[in-house]
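Inspection log for the structure reproduced underneath, given as structure tokens.
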Amino acid sequence: MNKFKSYLVNTCRALLALTFIFSGFVKAIDPLGTQYKIGDYLEAVGLAGSLPDWVQLLVSIGLSGMEFTLGVLLLLAIQRRVVSKMTTVFMVLMTAVTLWLAIGEPIQDCGCFGDAIRLTNMQTFGKNVVLLLAALVVVRYPLYQVRFISKTNQWIAIYFTIIFTLVASALSLYHLPIFDFRPYYIGQNISEGMKVPEGAKQTKYKTTFVCVKNGVEKEFDENNYPYNDTTWVFKDSRQEILEQGYEPPIHDFSITDGETGEDLTQQILDKKGYTFLLVAPYLETADDSNFDEINHIYEYAKANGYAFYGLTASTEKGIGHWRDITGAEYPFYITDGITLKTVIRSSPGLVLLYQGTIINKWSQNDLPTAGRLNAPLSLIQEGHEPENHTWMKIVLIIICYILPLILLIITDRIWAWTQWVKKREEWVKQKEQSNRLYQLIKRKRQMRKKIVAGNWKMNETLQEGIALAKEINESLKAEKPNCDVVICTPFIHLASVAGVLDSGIVGLGAENCADKEKGAYTGEVSAAMVKSTGAQYVILGHSERRQYYGETAEILKEKVKLALANGLKVIFCCGETLEEREAEKQNEVVKAELDGSVFNLTAEEWKSIILAYEPIWAIGTGKTATSDQAQEMLAYIRSIVAEKYGKEVAEETSILYGGSCKASNAPELFSKPDIDGGLIGGASLKAADFKGIIDAWKK
């Protein structure tokens with residue numbers, strides 16, 4: 001079963017990782033394209049213009065970087081729990097968004113893979129459902145993911161990946177995207193890209209016209225439109241696709257003279273020789289810092305007989321403003337803004353055509369300088385298609401990112417192997433001494449008292465308590481115990497129970513005492529009073545006293561001091577709540593409780609202290625800490641006692657386990673090297689059950 005889980009988890013993790021890496025990368029190298037898509041989403045929900053462009057750009061870079069980084073962390077199984085949760089939350093959100101897209105179709109393309117792969121909204125939703133199921137599998141069993149890098153060195157891969165994505169986005173933003181997945185790539189003939197093959201399936205549309213007559217609106221289609229009834233006044237129209245046909249790669253490219261309305265598309269695309277196109281979707285927001293270079297290129301084009309046009313979606317006012325601030329003399333024609341954003345990811349950007357074929361592209365930061373434009377285009381590099389450097393770019397990414405990661409993994413594995421070898425050598429040395437050490441530990445444990453203490457809490461009347469004490473005393477007198485036995489009773493039982501116990505077999509203790517020596521403290525019972533009843537022990541610091549009666553570390557410190565001063569042995573309790581255990585703060589909590597109340601004692605005073613670890617989440621809840629969990633905590637407690645008083649004192653300190661200990665689990669618990677007995681609650685109220693736990697020391 002575990003092998004199946006491992007196979008399933010790692011298959012799902014690989015699917016998620018590779019999808020996230022590809023999706024994040026294609027968006028990271030086209031930050032402007034992702035920004036435009038964010039703008040589409042804002043427009044779809046009626047928030048167009050609510051976020052400045054620079055904020056949308058930061059969100060674009062952050063979102064794509066997060067997706068890519070999550071993919072890499074999943075692939076390498078870094079921070080498995082946290083990353084699995086983040087991935088699941090991300091997929092829940094994305095699945096909800098794509099469900100909205102699939103139902104309402106507010107946007108035709110979700111943009112999940114940028115321009116690299118286009119899916120329908122329904123296909124995207126189906127893809128996200130599969131990925132969400134994979135994420136749920138991974139988050140359910142995160143530790144089944146096979147690690148490639150040890151926890152010590154994971155931070156290197158995390159920061160390296162974040163830096164890589166930021167650098168890739170910055171380079172693509174300053175220059176042009178590293179890879180161009182759009183239809184207007186270098187080498188594309190725009191006219192050819194707009195052609196529909198002969199016999200290709202045509203898209204079928206339905207157009208609905210909304211007309212008004214006498215204040216009444218009515219809808220018409222092409223078949224019943226009231227062409228001859230002029231009383232109907234046209235108001236609006238909408239078009240929907242009934243059946244999708246073949247759509248050419250370029251289907252929305254057109255150039256129009258803004259003054260005459262003339263379509264100049266084919267005229268410009270069919271023009272012989274070279275044509276420069278200055279592309280600026282909206283001149284109002286275009287960067288005008290490089291207008292000198294642009295004007296120089298225009299002068300160069302004019303001197304060599306090349307056409308030079310500006311393409312924009314701006315109004316005459318916007319064009320006029322651009323001319324005023326830049327001194328531009330070249331003509332501007334109108335093209336759809338979305339199309340221009342697709343042609344080149346720069347505003348402005350420069351495109352060079354040769355008879356309708358895209359020869360070259362430059363961002364505003366890479367415009368050809370006067371030094372480079374020193375001859376006709378046919379004679380210089382700028383007038384020819386650059387070599388296809390796709391494979392060189394891939395190799396560069398491998399060298400700059402993938403290879404260092406592989407080297408990190410190899411180095412980490414070698415380091416991990418050397419650590420294993422060192423540990424193996426240490427283990428061999430330890431094994432050679434194991435018999436001697438085992439005998440030493442066994443002797444030290446035999447030095448410690450084994451104790452089973454019963455805590456009756458607020459149970460049993462005086463008569464019932466005396467009867468129970470007699471029954472316990474008789475059963476142990478008949479069969480001598482292999483450990484010290486203590487019963488801690490309510491105050492009213494102490495004197496009476498002391499009279500029926502054989503103190504050589506069963507010790508007597510109180511469940512509490514006051515933090516004052518004597519005086520006007522109605523209802524309190526002092527340590528001296530407890531001692532006067534014949535009791536030898538007192539329980540202090542129990543979780544119920546802390547929880548219900550607000551006993552603080554300072555109060556307990558005083559109680560311990562008075563109990564020891566009156567010759568009582570203290571069973572001091574410590575332990576964590578469920579919330580503290582789940583937050584992995586159990587060590588911190590226990591250490592603070594001991595620090596605050598008993599670690600102030602001298603080594604001599606410490607001899608009268610018995611510690612009891614009580615996981616609060618396992619008292620009266622039916623839950624039980626495993627024997628390994630109990631051993632781990634008691635070993636930790638012994639270690640901090642050793643830090644305070646030395647190893648010898650720590651080895652002589654009896655530490656009890658107090659968390660739903662029963663006759664059924666007592667043998668396993670008591671077999672652990674650091675568990676010296678139990679502080680028993682409910683099971684101490686029945687003589688047979690209590691004796692069953694005591695007898696665990698005989699097994």
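We count residues from 1, following the sequence as given.
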Flag, side chain of Ser671 to backbone of Glu668, donor-acceptor distance under 3.5 Å: yes

Side-chain donor/acceptor of Glu593 to backbone N/O of Gly575, under 3.5 Å: yes

Determine whether more than 12 heavy atoms belonging to other residues, nucleotides or ligands lie under 6.0 Å from atom CZ of Arg147. yes

Taking the side chain from Lys672 and the backbone from Gln631, do they hold a donor-acceptor pair closer than 3.5 Å? no

Measure from the ring center of Phe20 to the ring center of Phe90 and say whether it is less than 6.0 Å. yes

Closest heavy-atom pair and its distance - Ile472, Phe690: CD1-CD2, 3.9 Å

Say you draw a straight line from OG1 of Thr161 to CG of Leu405; how long is it, rounded to the nearest 0.5 Å? 5.5 Å

Check whether the side chains of Glu582 and Trp617 place a donor and an acceptor atom closer than 3.5 Å, and report yes or no. no

Looking at Arg413, I want to see if its CZ is surrounded by more than 12 non-hydrogen atoms of other residues, nucleotides or ligands under 6.0 Å. yes

Under 4.5 Å between any side-chain heavy atoms of Tyr636 and Lys591, yes or no? yes

Return yes if some donor-acceptor pair links the side-chain N/O of Arg13 with the main-chain N/O of Val146 below 3.5 Å, else return no. yes

What are the two closest heavy atoms between Met529 and Glu524, and how far apart are they? SD-O, 4.5 Å

Check the surroundings of atom CE in Met86: do more than 12 heavy atoms from other residues, nucleotides or ligands lie under 6.0 Å from it? no

For atom CZ of Phe160, decide whether the heavy atoms of other residues, nucleotides or ligands shown that lie under 6.0 angstrom number more than 12. yes

For the side chain of Asp412 and the backbone of Leu408, is there at least one donor-acceptor N/O pair under 3.5 Å apart? no

Please report the C-alpha distance between Ile487 and Leu501 in whole Å, then the side-chain angles of each, then the deciding distance to 0.1 Å, and finally whether the side-chain contact (heavy atoms from CB on, under 4.5 Å) criterion is met. CA-CA 10 Å; Ile487 56 173; Leu501 291 179; 3.8 Å; yes

Checking Arg638 side chain against Asp674 main chain: does a donor-acceptor pair fall under 3.5 Å? yes

Check Lys457, Gln547, Glu551 against His542 for a side-chain contact (heavy atoms from CB on, under 4.5 Å) and give me the one that passes. Lys457

Roughly how far apart are Tyr613 OH and Gln629 CD, rounded to 0.5 Å? 7.5 Å

Do Glu580 and Thr577 have side-chain N/O donor and acceptor atoms under 3.5 Å apart? yes

Return yes if a side-chain donor-acceptor contact under 3.5 Å exists between Asn600 and Lys561, otherwise no. no

Please step through salt bridge (charged side-chain N to carboxylate O under 4.0 Å, His left out) for the pair Lys698 and Glu479, ending with a clear verdict. CA-CA 11 Å; Lys698 296 181 178 181; Glu479 190 177 344; 3.0 Å; yes

Can you tell me how the ring of Phe68 sits relative to the ring of Phe164, calling it parallel under 30°, perpendicular over 60° and tilted otherwise? tilted

Decide yes or no for Val538 and Ile571: does some side-chain heavy atom of the first lie under 4.5 Å from some side-chain heavy atom of the second? no

Heavy-atom side-chain contact between Leu73 and Arg80 under 4.5 Å: no

Is there a side-chain contact between Ile158 and Val72, using heavy atoms and a 4.5 Å cut-off? no

Side-chain donor or acceptor of Ser6 paired with backbone N/O of Lys3 under 3.5 Å: no

Any chance you could measure Met633, atom CE, to Ile637, atom CD1, to the nearest 0.5 Å? 5.0 Å

Any non-hydrogen side-chain atom of Leu166 less than 4.5 Å from a side-chain atom of Ile163? no

Checking Glu511 side chain against Phe491 main chain: does a donor-acceptor pair fall under 3.5 Å? no

Is the count of non-hydrogen atoms from other residues, nucleotides or ligands lying under 6.0 Å from Lys569 atom NZ greater than 12? no

For the atom pair CG (Leu494) and OG (Ser496), what is the distance rounded to the nearest 0.5 Å? 9.0 Å

Determine yes or no for a side-chain-to-main-chain donor-acceptor pair under 3.5 angstrom, with Arg448 supplying the side chain and Glu652 the backbone. no

Would you please test Glu604 and Lys607 for salt bridge (charged side-chain N to carboxylate O under 4.0 Å, His left out) and show each step? CA-CA 6 Å; Glu604 186 62 31; Lys607 292 178 181 180; 3.3 Å; yes

Looking only at heavy atoms, what is the nearest atom pair of Ser684 and Gly454, with distance? CB-CA, 3.6 Å

Closest heavy-atom pair and its distance - Ile693, Ala666: CG2-CB, 4.1 Å

dist Thr69:OG1 -> Ile78:CD1 (nearest 0.5 Å) comes out at 10.0 Å

Specify the closest pair of heavy atoms between Glu614 and Cys573, including all atoms of both residues, with the distance to one decimal. OE2-CB, 3.4 Å

If we ignore angles and hydrogens, is there a donor and acceptor under 3.5 Å between the side chains of Trp415 and Ser150? no

Indicate yes or no: at least one non-hydrogen side-chain atom of Leu508 is less than 4.5 angstrom from one of Thr489. yes

With respect to Leu634, which candidate in Leu611, Ile655, Asp676 satisfies the side-chain contact (heavy atoms from CB on, under 4.5 Å) definition? Ile655

With a 6.0 Å cut-off (strictly less than), is the heavy-atom count around CD of Gln419, excluding the residue itself, greater than 12? yes

Which class fits the ring pair His493 and Trp456: parallel under 30°, tilted 30 to 60°, perpendicular over 60°? perpendicular

Does Glu605 reach the side chain of Ser608, with side-chain heavy atoms less than 4.5 Å apart? no

Counting N and O atoms only, with roles assigned by atom type, does the side chain of Ser654 sit under 3.5 Å from a partner on the main chain of Lys449, one being a donor and the other an acceptor? yes

Would you compute the distance between atom OG1 of Thr552 and atom CD of Glu558 and round it to the nearest 0.5 angstrom? 10.0 Å

Which of Leu70, Leu16, Val138, Val9 passes side-chain contact (heavy atoms from CB on, under 4.5 Å) with Ser84? Answer is Val138

Closest non-hydrogen atom pair, Ser627 against Leu669: CA-CD2, 3.8 Å

Would you say the side chain of Ser597 lies within less than 4.5 Å of the side chain of Phe572, judging by non-hydrogen atoms? yes

